[in-house]
Every structure is written in structure tokens, then in C-alpha cells.
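To start, the structure under review is shown below, and the notes come after it.
Chain naming here is simple, since letters A, B, ... match the order of the sequence lines and numbering starts at 1 in each. All values reported here derive from a predicted model rather than from experimental measurement.
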2 protein chains.
Amino acid sequence: MRKTASTNTINKEQLEANCGIAYTNSILSGRWKLSILAFLLDEKKLRYSELRNRLTGISERMLIVKLKELQADDLINRISHPEVPPRVEYELSKKGKSLESILIEMSKWGTKNATKK
Amino acid sequence: MRKTASTNTINKEQLEANCGIAYTNSILSGRWKLSILAFLLDEKKLRYSELRNRLTGISERMLIVKLKELQADDLINRISHPEVPPRVEYELSKKGKSLESILIEMSKWGTKNATKK
DNA sequence: GAAAGTACATACAAAATTGTAGGATACTAA
DNA sequence: TTAGTATCCTACAATTTTGTATGTACTTTC
């Protein structure tokens, strides 16, 4: 990122930096997605029911909705096994894995600052 | 945030206590905060009107609301100069500056992935 | 003396997000 | 026959977030 700008015009780098952040934000913001991604980063592959158990308080509807959005953004893969009862697993896609550094930074910052309040 | 009485809030507090990511998310999520912080990281100190101009499309109400929330979370400082017409500047606090690595990672990821779709 | 600039505030409304309740499927075990 | 399991779906309702419109205090400029 850049240093102080003395004029009131916004330069290209600034706009792009902000655009990048705004795009990432639009993909990740909301109450559940980051947690879903974090669990998948941690445990590689999780079943629907395993995710449901880890995400304390999430409704089945929200879990489905958010999993679908994450698939639509190509951040996770859905692996469906044709069995009865059904078995479906989720894992990070390549694009999803590329979020690792963001997730790690957010986790570190959170654990460091969560208690201070 | 939801009412304290709802079961969801209880679960949210649990998540915040147990998971750094959830805490960080609860502090940063929403449409504007990350952009506000990014501009302040870039330009060190900005007046209210300068922020308003950079955050294309934000209403004055939202800007005030979000600036107050960021102050309440001790991420930014408000510097009021006793002049007429009023002059108020905002800057990152120490805690706000500690978000730098998150902001940079999100900016990088966004600019890298935004065009691909 | 009317307009314009600053940094807000307030009431209200629209939109987005999240939640609740119930059901569908389709096989399997009792 | 009845109940159980895992994954997901749909209608609808509550909650949260964001937006619109308007006002305020004060002073300089036209």
C-alpha cells in the first residue's frame, strides 16, 4: 500500500487496492462463510453433518445456502457419494486454498484481540 | 447484531470466544468497514469529507454509523479540530494498524481474482 | 440576506440476511 | 408396518443492514 497523498485526487493504485478489498469482502462477508472455509482449511474434508456440528448455531438452511454460494464462487468442491443414506463431503478448491493466508491472518488477529475487550 | 435474548446470539458469543476468525469477522464484516480501513491505511489521515468522496456510493448516514462503530471497537481515532467550519480527521489506531497484514492479503487476493470471472 | 460548505443527527423505509417449521427422498433395519 | 438416517428443499417470518430525505449550527462568500 501507499504513502500519504497530499492532493484530493485518488490514484489508480488506491482504487485498485480498494477494489481488491471490496471484491474479497463481497465474496467472504457474512456470518458463516469464513468459518466454513476455516474448518475446511483445518480438516481438509468434512461431511455436511460434520460441518453442521462444528458451526454451532447454524441452521440447516443457512448451511446449504452458504455451501451453494461458496460452490458458485468456486471456493469449495462438493463430493457426493451415491449411497444410502447419502454421504456428501466438502473440501476447499484450489481457489479456496489460496485464501489460506487471509484466513490465517484473521485467525491470528482474532485470537490476539478477542479477549482484550 | 441480533437481540441478546435470541439463541443465535448466544451461539455467536461462543463462536467469538472459541474462534479467532469469527471474532475478526464480527468486527470487520459488512459493506464499508474494510474499505474505510484500507483508505486510512493508505493515506494515514483523512477528513470526513475526504472519506466520503473516496467511498463511492456511501451515504452520509452509513459513513457516520460505520465510523462510530470503528471508534467503538478502537480501530480508528477521531481528531476534532475546534474550528469553523468544523474539521474532523480520522486515522487508524494502533489496533487498527495491526490489521494491516489482513488488509494487504485481502487486497492482493481480490485484485488477483476479481477479473477471472 | 441568501446561498454554500462542514460534520453530523433523526425519522423512516427498503433491501439483504438469517431463522423456523415442515417436508421430500430413498433406502434400511426392527 | 413403522421408524430412522442424511442431505437437502420450500414457504414464510423475523432481524439486521443499508439507504433516503431532511434538518442543524455556525460562518464565510456572493
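Between Lys66(A) and the phosphate of dT18(C), there is a side-chain N or O to OP1/OP2 separation shorter than 4.0 Å.
In this structure, CE of Met62(A) is placed 16 Å from P of dA21(C), rounded to the nearest angstrom. Between the P atom of dT17(D) and the CG atom of Leu63(B) lies a distance of 17 Å, rounded to the nearest Å. Note: CD (Glu83(A)) to C1' (dG4(D)) measures 17 Å, nearest angstrom. When rounded to the nearest whole Å, the span between NE2 of His81(B) and C1' of dT27(D) equals 18 Å. If you take CZ of Arg31(B) and P of dA15(C), they are 13 Å apart, rounded to a whole angstrom. Spacing between atom CG of Leu28(B) and atom C1' of dT17(D) amounts to 16 Å, rounded to whole angstrom units.
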Name the pairs: protein N/O against N/O of nucleotides 2-12 of chain C, kept only if under 3.5 Å.
{"unit_1": "dT6(C)", "atom_1": "O3'", "unit_2": "Arg47(B)", "atom_2": "NH2", "d": "3.3"}
{"unit_1": "dT6(C)", "atom_1": "O3'", "unit_2": "Pro86(B)", "atom_2": "O", "d": "3.1"}
{"unit_1": "dA7(C)", "atom_1": "OP1", "unit_2": "Arg47(B)", "atom_2": "NE", "d": "3.0"}
{"unit_1": "dA7(C)", "atom_1": "OP1", "unit_2": "Arg47(B)", "atom_2": "NH2", "d": "2.8"}
{"unit_1": "dA7(C)", "atom_1": "OP2", "unit_2": "Ser49(B)", "atom_2": "N", "d": "3.2"}
{"unit_1": "dA7(C)", "atom_1": "OP2", "unit_2": "Ser49(B)", "atom_2": "OG", "d": "3.0"}
{"unit_1": "dC8(C)", "atom_1": "OP1", "unit_2": "Arg78(B)", "atom_2": "NH1", "d": "2.1"}
{"unit_1": "dC8(C)", "atom_1": "OP2", "unit_2": "Tyr90(B)", "atom_2": "OH", "d": "2.7"}
{"unit_1": "dC8(C)", "atom_1": "N4", "unit_2": "Glu60(B)", "atom_2": "OE1", "d": "2.4"}
{"unit_1": "dA9(C)", "atom_1": "OP1", "unit_2": "Lys68(B)", "atom_2": "NZ", "d": "2.9"}

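Under the side-chain contact (heavy atoms from CB on, under 4.5 Å) criterion, Leu92(A) pairs with Leu37(A), Leu40(A), Leu41(A), Ile76(A), Lys97(A), not counting sequence neighbours.
Side-chain atoms of Asn77(A) and Ser93(A) include no donor-acceptor pair closer than 3.5 Å.
Results of the side-chain hydrogen bond (donor to acceptor under 3.5 Å, both in side chains) test with Glu89(A) over Lys45(A), Lys44(A), His81(A) single out His81(A) as the only residue that passes.
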Name the atoms and distances for all side-chain donor-acceptor pairs under 3.5 Å in residues 59-67 of chain A, with sequence neighbours left out.
{"unit_1": "Ser59(A)", "atom_1": "OG", "unit_2": "Met62(A)", "atom_2": "N", "d": "3.2"}
{"unit_1": "Glu60(A)", "atom_1": "OE2", "unit_2": "Arg52(A)", "atom_2": "NH1", "d": "2.7"}
{"unit_1": "Lys66(A)", "atom_1": "NZ", "unit_2": "Glu69(A)", "atom_2": "OE1", "d": "3.2"}

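Taking 4.5 Å as the limit, some side-chain heavy atom of Trp32(A) sits within range of a side-chain heavy atom of Ile58(A). Taking 4.5 Å as the limit, some side-chain heavy atom of Leu99(B) sits within range of a side-chain heavy atom of Leu28(B).
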